[in-house]
Amino acid sequence: MHAGQEVKVYTSLNVSQDAITLFGFLTPASKRMFLQLQKVSGIGPKVALSLLSTLPPDRLAHAVADGDATALAKAPGLGKKGAQKIILELKGSIDLSQIETAASVISRPEDTGSEQVVEGLISLGWRQQDALHAVQEVCRSNDIATPLSNEDVPRVLKLALTSLDRGR
């Protein structure tokens, strides 16, 4: 990044007993991986950031999928046992195709409205793949033009939530 450059930053707010911390990421994939890593017991934001600074999200996802504890253990603050624990708890729960295509599919600057809806659905607990499919389906079936305008975002979010809820 350079001074004066316009950049979109994806944030995650972490509230603990002794601090409120805001973490920023340049890609939705990085943010998603950061949040996934913290779901592992004993892995906090510092170790998650350490892992992401050592390996990019796609390589990190592949290391987890392949069971490569050695690659994960290269991160400062994480030993072999911690790396094995991450693999054990996250293997199978990381969708590699979504991590690899997240930057190209979700973060297209020309469709920030769809991106907002998908991110909103993910924050409510839906899987990225399901959220993306629901947004595309809702736009197609209701003749809503993409890229979404700011006015369409709440409507599409509501329709996508209804669509996803029906699928349960």
Side-chain angles (χ1 to χ4, degrees), residues 1-15 20-40 43-45 47-66 86 89-168:
M1 293 187 294
H2 304 286
Q5 179 184 4
E6 198 169 306
V7 177
K8 184 165 190 170
V9 178
Y10 300 87
T11 60
S12 174
L13 182 66
N14 190 343
V15 180
I20 296 175
T21 313
L22 186 65
F23 297 95
F25 306 91
L26 293 177
T27 65
S30 296
K31 177 185 172 185
R32 240 176 263 105
M33 186 58 76
F34 175 76
L35 295 172
Q36 282 282 95
L37 288 167
Q38 289 185 83
K39 289 180 183 177
V40 176
I43 303 298
V47 173
L49 279 179
S50 174
L51 273 163
L52 284 168
S53 65
T54 306
L55 295 169
D58 59 333
R59 291 203 17 230
L60 184 55
H62 279 289
V64 170
D66 297 339
I86 289 171
E89 291 190 30
L90 291 184
K91 195 168 191 169
S93 69
I94 296 175
D95 187 349
L96 294 175
S97 64
Q98 293 300 313
I99 295 292
E100 291 167 349
T101 60
S104 61
V105 173
I106 298 297
S107 65
R108 289 180 296 188
E110 68 269 9
D111 198 1
T112 57
S114 291
E115 180 183 326
Q116 288 175 353
V117 175
V118 170
E119 287 293 325
L121 292 169
I122 291 170
S123 71
L124 292 171
W126 297 99
R127 288 185 20 213
Q128 179 193 2
Q129 183 177 357
D130 296 335
L132 185 58
H133 178 71
V135 169
Q136 291 169 343
E137 190 61 37
V138 162
C139 290
R140 194 172 26 257
S141 63
N142 291 285
D143 294 323
I144 300 171
T146 54
L148 292 179
S149 65
N150 286 338
E151 295 78 35
D152 286 332
V153 169
R155 178 175 167 225
V156 171
L157 179 59
K158 185 176 181 179
L159 290 168
L161 274 170
T162 304
S163 168
L164 287 165
D165 200 37
R166 254 187 260 127
R168 279 191 174 182

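Only a predicted model underlies this, so the values are computations on that prediction, with no experimental measurement involved.
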Which heavy atom of [X] sits nearest to which heavy atom of [Y], and what is that distance?
| X | Y | answer |
| --- | --- | --- |
| Ser12 | Leu35 | OG-CD2, 3.4 Å |
| Ala65 | Lys91 | O-CE, 3.0 Å |
| Tyr10 | Leu26 | CE1-O, 3.5 Å |
| Glu119 | Pro28 | OE2-CB, 3.6 Å |
| Ala61 | Met33 | CB-CE, 3.6 Å |
| Glu89 | Lys39 | OE1-O, 4.1 Å |

Side chains of Phe34 and Pro45: closer than 4.5 Å at any heavy-atom pair? yes
Can you sort out the partners of [X] under side-chain contact (heavy atoms from CB on, under 4.5 Å), two or more places apart, ordered by chain and number?
| X | answer |
| --- | --- |
| Leu121 | Val117, Trp126, Ala131, Val135, Leu157, Ala160, Leu161, Leu164 |
| Thr11 | Val9, Leu22 |
| Leu90 | Gln36, Leu37, Val40, Val64, Ile86, Ser93, Ile94 |

Only counting residues at least two apart or in another chain, list the ones meeting salt bridge (Lys or Arg N to Asp or Glu O under 4.0 Å) with Lys8. Glu115
Can you confirm whether Ile20 is buried at CD1, in the sense that more than 12 heavy atoms of other residues, nucleotides or ligands lie under 6.0 Å from that atom? no
Listing request: all salt bridge (Lys or Arg N to Asp or Glu O under 4.0 Å) pairs with a residue in residues 155-164, at least two apart in sequence or in separate chains. none
Applying salt bridge (Lys or Arg N to Asp or Glu O under 4.0 Å), which residue pairs with at least one partner in residues 136-149 are found, sequence neighbours left out?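 Qualifying pairs: Glu137-Arg140.
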